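Worksheet: the structure to be examined is printed underneath.
This structure is a prediction, so every number in the text was calculated from the model and none was measured.
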Amino acid sequence: QLQLVESGGGLVQPGGSLRLSCAASGFTLDYYAIAWFRQAPGKEREGVSCISSSGRTNSAEPVKGRFTISRDNAKNTVYLQLNSLKPEDTAVYYCAAPRLVLRQCVFPIQEADFGSWGQGTRVAVSS
């Protein structure tokens with residue numbers, strides 16, 4: 001059974017950093033494009049970063065240069081490094097695997113392409 005489990009969220013001050021983890025079971029992460037999404041209070045879920053099976057990555061403009069997605073094949077885990085955090089980064093962060101055999105990320109990241117989701121991990125940026 002395919003399962004994604006996020007961890008690493010928490011409360012951090014503006015300018016701080018966090019590393020989110022997405023551990024997969026039931027399938028091999030590096031065969032698929034894997035994405036991170038976030039949903040802020042009162043807003044729709046939005047794509048943040050994506051890593052293709054080739055290892056190519058990209059991120060949405062609001063986080064480009066601050067967030068980095070990476071993958072550890074041996075641990076079957078995808079990470080999202082969050083640096084220079086801002087209050088507007090406050091959200092629940094989800095990792096997602098695609099509905100079909102999607103191996104290359106498509107930008108902008110489309111929620112409709114992803115059908116398997118973790119439970120989310122909450123990030124709060126506040127002083």
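- Looking only at distances, no side-chain donor or acceptor of Asn83 sits under 3.5 Å from a matching main-chain atom of Ser17.
- In this structure, Ser25 OG and Gln3 CD are separated by 4.5 Å, a value rounded to the nearest 0.5 Å.
- Proximity of Cys50 to Phe107: side-chain heavy atoms (C-beta onward) are separated by under 4.5 Å at one or more points.
- Tested against Arg38, the residues Glu46, Glu44, Glu88 include a single salt bridge (charged side-chain N to carboxylate O under 4.0 Å, His left out) partner, Glu46.
- Side-chain contact between Leu29 and Asn73 is absent, with no heavy-atom pair separated by less than 4.5 Å.
- For Lys64, the NZ atom sits in a packed shell: over 12 heavy atoms of surrounding residues, nucleotides or ligands are nearer than 6.0 Å.
- When side chains are defined from C-beta on, Tyr93 counts as touching Leu80, because their heavy atoms get closer than 4.5 Å.
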**Report entry** Pair Asp89-Phe67, side-chain contact (heavy atoms from CB on, under 4.5 Å): steps then yes or no
**Finding:** CA-CA 11 Å; Asp89 296 319; Phe67 291 8; 3.8 Å; yes
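- Hydrophobic clustering of Ile, Leu, Val, Met, Phe, Trp and Tyr side chains at less than 4.5 Å, counting indirect connections, unites Val63 with Leu18.
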Report task. Could you walk me through whether Leu82 and Leu20 pass side-chain contact (heavy atoms from CB on, under 4.5 Å), step by step? Result -> CA-CA 8 Å; Leu82 287 60; Leu20 309 183; 3.8 Å; yes
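- Across every non-hydrogen atom of Trp36 and Ser21, the tightest pair is CH2-O, 3.6 Å.
- Looking only at distances, a side-chain donor or acceptor of Glu6 sits under 3.5 Å from a matching main-chain atom of Cys95.
- Sorted by first then second residue, the salt bridge (Lys or Arg N to Asp or Glu O under 4.0 Å) pairs that include residues 106-127, not counting sequence neighbours, are Arg45-Glu111.
- The backbone N or O of Arg19 lies less than 3.5 Å from no partner atom in the side chain of Gln81, so there is not a single donor-acceptor pair.
- A 4.5 Å side-chain heavy-atom check between Gln104 and Ser54 finds at least one atom pair inside the cut-off.
- Using a 4.5 Å heavy-atom threshold, the side chains of Val78 and Ile69 count as touching.
- Asp30 contributes atom CG, which lies 7.0 Å from atom CG of Asn76 (distance to the nearest 0.5 angstrom).
- Leu100 and Ile109 fall into different hydrophobic clusters, where Ile, Leu, Val, Met, Phe, Trp and Tyr residues are linked whenever their side-chain heavy atoms come under 4.5 Å apart, directly or through other members.
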Requested in this report: Give the intermediate values and the outcome of side-chain contact (heavy atoms from CB on, under 4.5 Å) for residues Ser126 and Leu11.
Outcome: CA-CA 7 Å; Ser126 175; Leu11 173 63; 4.2 Å; yes
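- Summarising the geometry of Gly8 relative to Thr121, their closest heavy-atom pair is N-OG1, 4.0 Å, with the distance given to 0.1 Å.
- Shortest non-hydrogen contact noted between Arg71 and Ser53 is NH2-O, 3.1 Å.
- Under a hydrophobic clustering in which Ile, Leu, Val, Met, Phe, Trp and Tyr are joined whenever their side-chain heavy atoms come within less than 4.5 Å, directly or via other members, Val5 and Trp117 fall into different clusters.
- No donor-acceptor pair closer than 3.5 Å links the side chain of Thr90 to the backbone N or O of Ala124.
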Report task. Please test Phe27 against Tyr32 for side-chain contact (heavy atoms from CB on, under 4.5 Å), starting from the C-alpha separation and ending with a verdict. Result -> CA-CA 9 Å; Phe27 75 109; Tyr32 300 94; 3.7 Å; yes
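- With 3.5 Å as the limit, one finds no donor-acceptor pair spanning the side chains of Asn58 and Arg56.
- When all heavy atoms are compared, the tightest approach of Phe37 to Phe114 is CZ-CD1, 3.7 Å.
- Although no hydrogens or angles enter the test, the distance criterion places no donor-acceptor pair under 3.5 Å between the side chain of Ser116 and the main chain of Ala97.
- Contact record, Val92 with Gly120: CG1-CA, 3.9 Å, taken as the closest heavy-atom pair.
- Tyr79 and Val48 sit in two unconnected hydrophobic clusters of ILVMFWY residues. Membership requires side-chain heavy atoms under 4.5 Å apart, directly or through other members.
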